[in-house]
Amino acid sequence: QVQLVESGGGWVQAGGSLRLSCAASGRTFSSYAMGWFRQAPGKEREFVTAIRWITGSTYYADSVKGRFTISRDNAKNTVYLQMNSLKPEDTAVYYCAAFPNYSGSYYRLYDRYEYDYWGQGTQVTVSS
């Protein structure tokens, strides 16, 4: 059974930084893609970024490009989301997600319904 456990959320002032972690267990993840999504109150859950575990290729939503960086540590089975230059509109619950046996178009990575496993979420609040 795949388990994803996020940590690292919190409160920060606009312009600040946070790093989220997602510890993954229960599988060998080399064929997976891992993603971060976020959901603000009253809004749909939206794609933030994703990484292909085996190649390290990364993909970003336009709203975070240049500010956020996704990475993974193979030895620790952990995915990170480094968030810099945070804005109040980044306030949301952030979820880590796993996409088993990813292949094909990278557009699939942007679709939350392609991900089979989700963490519990971690709150990020950015004040102005």
Side-chain angles (χ1 to χ4, degrees):
Q1 183 73 7
V2 173
Q3 287 193 318
L4 304 174
V5 179
E6 301 105 333
S7 60
W11 178 89
V12 66
Q13 287 190 321
S17 298
L18 283 174
R19 188 176 83 154
L20 306 184
S21 299
C22 172
S25 62
R27 288 285 191 279
T28 299
F29 291 95
S30 57
S31 66
Y32 279 52
M34 303 294 293
W36 286 96
F37 288 75
R38 66 186 181 186
Q39 188 166 18
K43 294 190 175 181
E44 294 282 318
R45 190 170 298 188
E46 65 174 5
F47 172 82
V48 176
T49 181
I51 186 168
R52 292 191 66 183
W53 200 287
I54 193 167
T55 64
S57 300
T58 58
Y59 308 84
Y60 295 93
D62 288 344
S63 59
V64 306
K65 207 170 289 183
R67 300 188 298 122
F68 290 11
T69 303
I70 189 172
S71 62
R72 86 259 189 260
D73 184 325
N74 291 336
K76 296 182 179 180
N77 262 9
T78 299
V79 176
Y80 301 100
L81 178 61
Q82 178 66 43
M83 304 185 293
N84 298 329
S85 302
L86 282 160
K87 305 175 181 180
E89 51 264 43
D90 294 318
T91 295
V93 177
Y94 282 71
Y95 296 90
C96 176
F99 182 154
N101 303 314
Y102 163 72
S103 64
S105 170
Y106 70 90
Y107 283 114
R108 299 181 70 193
L109 295 171
Y110 291 74
D111 183 354
R112 67 181 190 265
Y113 296 108
E114 294 276 16
Y115 292 77
D116 287 352
Y117 305 101
W118 293 83
Q120 80 285 357
T122 185
Q123 177 70 46
V124 170
T125 303
V126 184
S127 67
S128 57

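Under the 3.5 Å distance criterion, with hydrogens and angles disregarded, no donor-acceptor pair is assigned to the side chains of Asp73 and Thr78.
In this structure, Gln3 places its CD atom where only 12 or fewer heavy-atom neighbours from other residues, nucleotides or ligands lie under 6.0 Å away.
For Ala33, the side-chain contact (heavy atoms from CB on, under 4.5 Å) partners at least two apart in sequence or on another chain are Phe99, Tyr102, Leu109.
In the hydrophobic clustering of this structure, Phe37 groups with Tyr107; members are Ile, Leu, Val, Met, Phe, Trp, Tyr whose side-chain heavy atoms approach within less than 4.5 Å, directly or through other members. Under the 4.5 Å side-chain heavy-atom criterion for Ile, Leu, Val, Met, Phe, Trp and Tyr, Val64 and Val79 are members of the same hydrophobic cluster. Cluster annotation: Trp118 is not connected to Tyr80 through the hydrophobic network of ILVMFWY side chains, with a link wherever side-chain heavy atoms come within less than 4.5 Å.
Of all the heavy atoms in Pro100 and Asp116, the pair that sits closest is CG-OD2, 3.4 Å. Closest approach of Ala14 and Pro88 over heavy atoms only: CB-CD, 4.1 Å. Among all heavy-atom pairs drawn from Tyr59 and Phe47, the shortest one is O-CZ, 3.8 Å.
Comment: Asp111 does not engage Arg108 in a salt bridge, judged by the lack of any side-chain N to carboxylate O separation of less than 4.0 angstrom.
Here CE of Met34 is found 12.0 Å from OG of Ser71. Values are rounded to the nearest 0.5 Å. Between the CE atom in Met83 and the CH2 atom in Trp36 there is a gap of 8.0 Å [rounded to 0.5 Å]. Note: Leu4 CG to Tyr115 OH = 11.5 Å, rounded to the nearest 0.5 Å. With values rounded to the nearest 0.5 angstrom, Arg72 atom CZ is found 15.0 Å from Ser21 atom OG. Expressed to the nearest 0.5 Å, how far CD of Gln13 lies from OG of Ser128 amounts to 9.0 Å. Between the CD1 atom in Ile51 and the OG1 atom in Thr69 there is a gap of 10.0 Å [rounded to 0.5 Å].
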Step by step, work out the side-chain contact (heavy atoms from CB on, under 4.5 Å) result for Glu89 and Val126.
-> CA-CA 8 Å; Glu89 51 264 43; Val126 184; over 6 Å; no
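The salt bridge (charged side-chain N to carboxylate O under 4.0 Å, His left out) analysis of residues 34-45, with sequence neighbours excluded, yields the pairs Arg38-Glu46, Arg38-Asp90, Glu44-Arg112.
With hydrogens and angles disregarded, a donor-acceptor distance shorter than 3.5 Å links the side chain of Glu6 to the backbone of Gly121.
Between Phe68 and Thr49 the shortest side-chain heavy-atom distance does not fall below 4.5 Å. Residues Leu20 and Val124 form a side-chain contact, since some pair of their non-hydrogen atoms from C-beta on lies under 4.5 Å apart. The shortest side-chain heavy-atom distance between Ile70 and Tyr60 falls under the 4.5 Å cut-off. Taking the side chain as every heavy atom from C-beta outward, Asn77 and Trp53 approach each other to under 4.5 Å.
Tyr117 and Tyr32 have parallel rings, their planes meeting at less than 30° on a 0 to 90° scale where 60° marks the start of perpendicular.
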